[in-house]
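Report on one structure; see the data block that follows.
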Number of protein chains: 2
Amino acid sequence: MNKPKKVQESITIFGAGLVGSLLSIFLARKGYSVKIYERRADPRKQKMQGNRSINLALSKRGWRALQEVDIADLVKPIAVPMKGRMMHDTKGNLTFQSYGTENQAIYSVSRAELNKIMITEADRLPNTKFYFEHDCKAVNLWDFSYQIEHQNQVFSENSDIILGADGAFSAVRNAIQRTDRFNYSQFYLEHGYKELTMPPKTDGAFKMSPDALHIWPRRKFMLIALPNPDHTFTVTLFLPFEGEISFESLQTKKAVKTFFETYFADAVELLGNPVEQFFANPTGSMVTVRCSPWTFQNRVGLVGDAAHAIVPFYGQGMNAGFEDCRVLNDILTEYNGDWTEIMPKYQRSRTENANAISELALTNFIEMRDKVADEKFLLRKKIEAHLHQLFPEKWIPLYSMVTFSHIPYAEALQKGKRQEQIMNQVLAMSNIEQTWKTLDFQEIVNRL
Amino acid sequence: MNKPKKVQESITIFGAGLVGSLLSIFLARKGYSVKIYERRADPRKQKMQGNRSINLALSKRGWRALQEVDIADLVKPIAVPMKGRMMHDTKGNLTFQSYGTENQAIYSVSRAELNKIMITEADRLPNTKFYFEHDCKAVNLWDFSYQIEHQNQVFSENSDIILGADGAFSAVRNAIQRTDRFNYSQFYLEHGYKELTMPPKTDGAFKMSPDALHIWPRRKFMLIALPNPDHTFTVTLFLPFEGEISFESLQTKKAVKTFFETYFADAVELLGNPVEQFFANPTGSMVTVRCSPWTFQNRVGLVGDAAHAIVPFYGQGMNAGFEDCRVLNDILTEYNGDWTEIMPKYQRSRTENANAISELALTNFIEMRDKVADEKFLLRKKIEAHLHQLFPEKWIPLYSMVTFSHIPYAEALQKGKRQEQIMNQVLAMSNIEQTWKTLDFQEIVNRL
């Protein structure tokens, strides 16, 4: 008993990044005419930027969205599976922790390469039209028009539906922010980041095990490394902007050299020239953006980072944005193109999940830089993995719910908190290090 | 041992509201040349707007700032003292609660009248220059210039020092918001407000006791009334936007009539035509804005609502803004005009206090609409007043610290929380209603 299909609205998407280009494919496949405006140049025409583009980790939610638009197979060749964390202690000792079961992995991909594939595929569709180097100067919510600057000319257009996939500093959101009763926050971490590159061995091979995300957890700061298909690693230093050991305090080559040698001795050797790279590369900041509502008069909507920019520590920023697109597509199908139903439903179904992954990403930073080096934490992971093995449906570790399932983020967060309470009780038992194998695991699961 | 006085910088203030005009007086008296740009027309040239302008409550912090620029005496004639709260229950019974001691009061003033006095006084000074109907379109932080629109012409100016006193939707803050690592939030209450007017009696006298702030606390909503010098009362309804009893649900004259008759029977009689006014007057929203930093490169700063818009329930919005100006003036004196010292010191000294009064204003809404009608709350107030009488220096009720002292807001909030803990213990004692006069008050104060 579907309602008769409405005349299809014209759609404008701002942003041809990962989320914008994926969204354009979903919408074009539904038959909409989609214009996509992007401030930057066409990445397909750019020279290879080496390994300077930040890495991303594709996990189950992201793959599902790519599968639904039939481009997952095109992405697989550029995705490097990472099956767990490889921790490096200050002496260079390594400890491996699986992320999940034997067959589960997250996949390191280059943002630039992935974006090129997605734009190429979107651009093949007859009803998409990409406009690069077109900068959105303003969105006028009273008549749903917008001003675009291209080659120093400003022109005005309008559209029935406007979708902002234009990232953490979204121009579309900026317009909605001026309307009454729009709640908004942007909050920066006190840590910044700097990317470095670890070249391959002279024979072209990876310098470290490529099937892991490498972490050098040092409590207040950390180094991580993700493998690339060209056998380099993209290495990222996360460090406070200010304080005793900080970007501010590391002003001289000598100070940076001492810093690396003290905390990351094994990485110094592998990186070759960390001090030169440290001074050559820029320092980035990390923001968390939350807002509501995500929609305006059922004709304007926000997707991905524009609605919910998060910090990178759960590897879910892109996956959450892809899930937005996939869910929006499902709702489009369910309501047969009726945007007065689609927009409210989209917002209701996504806001609390975005808030949940935002919180998880913030707390996971502490886990990555601090707790992963902790004996109790490793024991906790071991017991949880065992529980999951015994009761695969009932006890799913939080990391697995977020990374290897489609359980809504908000539900995962809630279940994770309950599991954490129970694990705190278990770990408070005396001699738990010795006795954990003799626990009554059925009873523990029953506490859920 | 003052440093030699620097050459004085040119200063631009955006906003000629209460805070902007006060700030211009402080700065002009220090010898600076001050330009003040205001989007709206000169209020001195406006016709009297009747009582539609929102009332404000001047308290000790506000008076102090006015005294320091010698205009307190000009404001006194338009200020109506309110010595306490007059609670109206649903049957029209009245209960009076003093705000402080016999000689303490807060003062109801009209925003428009106060603003006119302040602009007039600022405009008398030779080194101030006001520009009304001049709209700040943009502030360019890279060269400290700004674009002003006046009579459809846009022109560009610049200034050594730029101060944003341009309110909750500050253009100056909007420029800083685009810089890296600027933390910002805007959060709207789920309640809106609507102003009504209570005329005088036919003989011109006040219809209710004018030396109180009248409250009709109804838990999820409330009505309040503040006296005006012309013997009217400005009455404000605070009500949720959505829900069972809300602006959304009150759509018909019949529904509004029933609503007023059910909850505010005595006020209906006094207001005369609340239903007509309800539909004639607009509904407003209330926002809390927090941000940091408040300054940019020691040349741009935010003052008042531009830095810390708060909800009106502690009557401290204007007082906090005036205190910003007074403290900034003290710091100017202390650092002898050296802005590289002044800006950081100003920000350090004000941010936590702004956050504190922001929190206090939010929690006081619950106190006003809900707790003031509660027996235990009245007993708590009675015991606290007694403690204050016995130990006037040691136990100062939170309301008095905020309203009748210059204790920094953050310190008041902290002390208030400690006092609340102690009072919770006291009120949990059995039979406290009967026995409170026999308490060992010295022992209670010693717990602080």
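Heavy atoms only: backbone and side chains are in, while hydrogens, waters and symmetry mates are out. It should be emphasised that the depicted structure is a prediction, and the values quoted were computed from it without experimental measurement. Sequence lines set the chain letters: A, B, ... in the order given, protein chains first and strands last, and positions in each chain run from 1.
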**Request:** Mark yes when over 12 heavy atoms from residues, nucleotides or ligands other than B:Arg299 sit less than 6.0 Å from its CZ; otherwise mark no.
**Result:** yes
**Within 6.0 angstrom of B:Gln251 CD, more than 12 heavy atoms from elsewhere** = yes
**Request:** Identify which of B:Gln186, B:Gln177, B:Arg290 forms the greatest number of heavy-atom pairs closer than 4.5 Å to chain A.
**Result:** B:Gln186
**Asked** What residue, out of A:Phe182, A:Tyr188, A:Phe169, A:Phe241, has the most heavy-atom pairs lying under 4.5 Å from chain B?
**Response** A:Tyr188
**Asked** Closest approach of B:Arg181 and A:Leu189, non-hydrogen atoms and distance?
**Response** NE-O, 4.4 Å
**Complete:** Output for pair (A:Thr283 OG1, B:Asp180 CG), nearest 0.5 Å, gives 10.0 Å
